[in-house]
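In listed order, ligands and their atoms are each counted from 1. Just so you know, these numbers use all the heavy atoms, side chains as well, and skip hydrogens, waters and symmetry mates.
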Amino acid sequence: MNLVLLGAPGAGKGTVAQELVAEFGVAHISTGDLLRAAVKGGTELGIQAKKYMDAGELVPDQLVIDLVKERLAADDAQQGFILDGFPRTIAQAEALESMGVHIDAVLSIEVSDEKIIRRMSGRRVCECGMSYHTEYLPPKEEGKCDKCGKPLVIRNDDANFLVAHALLPRFIRLSAARSLGRVSTSLITTPRSTSLSNAARCTSVSFVS
Ligand code: AMP
């Protein structure tokens, strides 16, 4: 079974993907994980991708498309896969179509803005790959990895996302199903989010470089 998993950062794509992998035994292909591994490994792709990721921007389409194409050709992906974090642009969606890969379903995880900000501001990671949440999955000792004891940090792209939303005047989810006229009306009438102060809190946490 071949699936595409969509959702805003912090929506819980990684957790849902893990459950689907356990249930269906398919390959979990996360472009974020692949890119982070490339950065860590100091590959040519990693060096190029790092500056975009550090700035909280999308990595250029062609780099990500080539990466996914190569990953989809691997043996384990032939038994089925979950694409997590890809496609993220129209060019990537078109590239996926032109690869001739059959997709059985696209799952979109819908989560409120409030919840996303709460999840992201509590997410902490260790350089060994372990991941925690200050509220939902705290480490045994605060700020330290259970597995290797190293200090936990907030991921750079989480921080950038949260800081961007703390700085932006409004955080508005647009529905492509609505007409442009209705979208502009909602831009004028949507109140400022009350959860932005949560986002601002994470600016004091050290970042993963
Ligand atoms: P994620 O773990 O999916 O949130 O991805 C982490 C970072 O990797 C993103 O903030 C982007 O900089 C980069 N990235 C991941 N997937 C893509 C993609 N499909 N296109 C462009 N950049 C991506």
Problem set entry | Atom indices of ligand 1 within 4.0 angstrom of Gly85 heavy atoms, with elements | 16 (N), 17 (C), 18 (C), 19 (N)

Exercise. In terms of residue, atom name and distance, what is the protein heavy atom nearest to atom 8 (O) of ligand 1?
Worked result: Met53 CE, 3.6 Å

Exercise. Can you tell which of Thr31, Val59, Asp54, Thr89 gets a heavy atom nearest to atom 22 (N) of ligand 1?
Worked result: Val59

Problem set entry | For atom 15 (C) of ligand 1, the protein heavy atom that lies nearest, with its residue and separation | Arg88 NH1, 3.3 Å

For this session: Identify, by atom number and element, the atoms of ligand 1 in contact range of Gln92, meaning under 4.0 Å from any of its heavy atoms.
Result: 18 (C), 19 (N), 20 (N), 21 (C)

Exercise. Taking a hydrophobic cluster as the set of Ile, Leu, Val, Met, Phe, Trp and Tyr residues connected by side-chain heavy atoms closer than 4.5 Å, whether directly or through intermediates, do Tyr136 and Val153 fall within one such cluster?
Worked result: no

Exercise. In ligand 1, which numbered atoms sit nearer than 4.0 Å to a non-hydrogen atom of Glu57?
Worked result: 11 (C), 12 (O)

Problem set entry | Winner among Gly32, Ala55, Pro87, Ala91 once heavy atoms are compared against atom 5 (O) of ligand 1 | Gly32

Exercise. Between Lys51 and ligand 1, which part of the residue brings a heavy atom under 4.0 Å of the ligand: side chain, backbone, both or neither?
Worked result: neither

For this session: With Val106 as reference, evaluate Leu6, Leu5, Leu3, Leu83 under the side chain to side chain contact (heavy atoms under 4.5 Å, CB included) test and give the passing residue.
Result: Leu6

For this session: Please lay out, stage by stage, how Met1 and Leu20 fare under the test side chain to side chain contact (heavy atoms under 4.5 Å, CB included).
Result: CA-CA 10 Å; Met1 185 172 50; Leu20 292 170; 5.8 Å; no

Problem set entry | Those atoms of ligand 1 less than 4.0 Å from some heavy atom in Leu35 | 8 (O), 13 (C), 14 (N), 15 (C), 23 (C)

Problem set entry | same_hphob_cluster(Ile65, Val101) at 4.5 Å side-chain heavy-atom cutoff | yes

Exercise. Which protein non-hydrogen atom lies closest to atom 6 (C) of ligand 1, naming both residue and atom, and how far is it?
Worked result: Asp157 OD2, 2.9 Å

Problem set entry | Working for side chain to side chain contact (heavy atoms under 4.5 Å, CB included), residues Leu152 and Arg123 | CA-CA 10 Å; Leu152 299 177; Arg123 186 150 67 177; over 6 Å; no

For this session: Could you establish whether Lys13 and ligand 1 come within less than 4.0 Å of each other, counting only heavy atoms on the residue side?
Result: no

Exercise. So do Arg71 and Asp76 actually touch side chain to side chain, heavy atoms under 4.5 Å?
Worked result: yes

Problem set entry | Atom pair CG (Asp84) and NE2 (His28), whose distance is rounded to the nearest 0.5 Å | 3.5 Å

Exercise. Is Lys51 salt-bridged to Asp54, going by a charged N under 4.0 Å from an acidic O?
Worked result: no

Exercise. Should the proximity of Arg36 to ligand 1, defined as any heavy atom under 4.0 Å, be assigned to the side chain, the backbone, both, or neither?
Worked result: side chain

